[in-house]
Number of protein chains: 2
Amino acid sequence: MKLETRKHEIIKTAAKLFKEKGYSAVTMRDIATAMGIKAASLYNHISSKQEILKEIIISLAEEFTTGMELIVNSNNSNLDKLSQIITLHVTITTNNTSGMASLNNDWMHLEDQLDYYLELRNKYEETFLNIINQGIKSSEIKKVNPEIIMFSMLSTLRSLYLWIPNKEASNANVIANNLSTILIQGINK
Amino acid sequence: MKLETRKHEIIKTAAKLFKEKGYSAVTMRDIATAMGIKAASLYNHISSKQEILKEIIISLAEEFTTGMELIVNSNNSNLDKLSQIITLHVTITTNNTSGMASLNNDWMHLEDQLDYYLELRNKYEETFLNIINQGIKSSEIKKVNPEIIMFSMLSTLRSLYLWIPNKEASNANVIANNLSTILIQGINK
DNA sequence: GTCTATAACACGATAGAC
DNA sequence: GTCTATCGTGTTATAGAC
């Protein structure tokens, strides 16, 4: 997977540009210029602009799917599972901040892989909601609308890519712990 | 302001399309087709594609600025001010869901008005952070990193546009109340 | 207020030399 | 692996008829 160095370089450069302006506003010439080469040269390593987007998004979506499966199959309490989900998002976002921007904002520009992406996302949200519902049933979690709980948590976690790069000082653990406190315990003293 | 009916119609149609695919991926032809006319006809009512984006984003940004000024100048407790901010976001988003997508995702494509937009946004976040800091000082709010608190709340509030349209059943008040509970009191029972 | 026609340019992608 | 040159198409925007 790390053997195709040049291809990976293109994907990394593209992801950074996609984060700034979005997939549609970034041209092959932009990507090439950022790498110090000409646009035509990119096609020796990738087949199309679309392939770049696919590589960025699908690998991340699969990473979340794998992570969620590990969490849901553990024997932890439901609140602990939620904390693990927070850590999952913080970890993946820390390792690939630019890619997370595309996952959040450019998934609709996927062509062949759009259905597959939506399948993974729906499954992820279904599992997430299940954990919240079980937490309510077992009296670990307040009886608030479970969909609003998930929406609120997911909104914060999906926006991490905007915020983590500006917090070079803190490491992933500190952020995950702070977020667990805020999202689970609330801010009211 | 409501006198230029046709212009407003274009902006409304454009905002809906921008929400689906983003500013850069929507063409003047797309907007025209959605209105049942030809692209050239749009230019009798607006001067450029850029002007459409400006109208969508700046009016919303100013709405938030005005709303925040009212809140911060009130005599309520800091926790109540946070609740009022939540209501502000829910209300504005309910009234202009499509526009909120552009405000969140396409602000970087502003040309002449980019600096002005950033000014408004920075001021807004500064005021927001101030309320949290004062709430911590007055022991209303837990002593957690105030920036993470703001980030978490703002992430949820800025994502409302994704979620509110799918919740036709609930009204704005119900959503605002649920969010206040979750964001302020937490979900832990 | 909308149309057709078109200018002027940017886009993704390919061909073929080195 | 990168280049120059270019194709075919799509883009914003304008001109001028109706």
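These numbers come from a predicted model, not from an experiment.
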Can you classify the ring geometry of B:His89 versus B:Phe64 as parallel (below 30°), tilted (30 to 60°) or perpendicular (above 60°)? tilted

Look at the rings of A:Phe151 and B:Trp163 and say which category their plane angle falls in: under 30° parallel, 30 to 60° tilted, over 60° perpendicular. parallel

Taking [X] first and then [Y], would you say they form a salt bridge - that is, a charged N and a carboxylate O separated by under 4.0 Å?
| X | Y | result |
| --- | --- | --- |
| A:Glu55 | A:Lys12 | no |
| B:Arg6 | B:Glu9 | yes |
| A:Lys54 | A:Glu111 | no |
| B:Glu69 | B:Lys81 | no |

Mind calculating the distance between CD1 (A:Ile10) and C1' (C:dG12) to the nearest angstrom? 15 Å

Is there a residue in residues 46-59 of chain A whose heavy atoms reach under 4.0 Å of DNA chain C, and which residues are they? A:Ser48, A:Lys49

Indicate the atoms forming the closest heavy-atom contact of A:Thr87 with A:Ala176, along with that distance. OG1-CB, 4.0 Å

Reference residue A:Ile10; test side chain to side chain contact (heavy atoms under 4.5 Å, CB included); the match among A:Thr5, A:Ile52, A:Ile37: A:Ile52

Taking for A:His45 and for B:Tyr43 the nucleotide of DNA chain D with the nearest heavy atom, the one nearer the 5' end belongs to A:His45

Can you list, in residue-number order, the parts of residues 14-41 of chain B that come under 4.0 Å of DNA chain D, counting heavy atoms only? B:Val26, B:Thr27, B:Met28, B:Arg29, B:Ala40

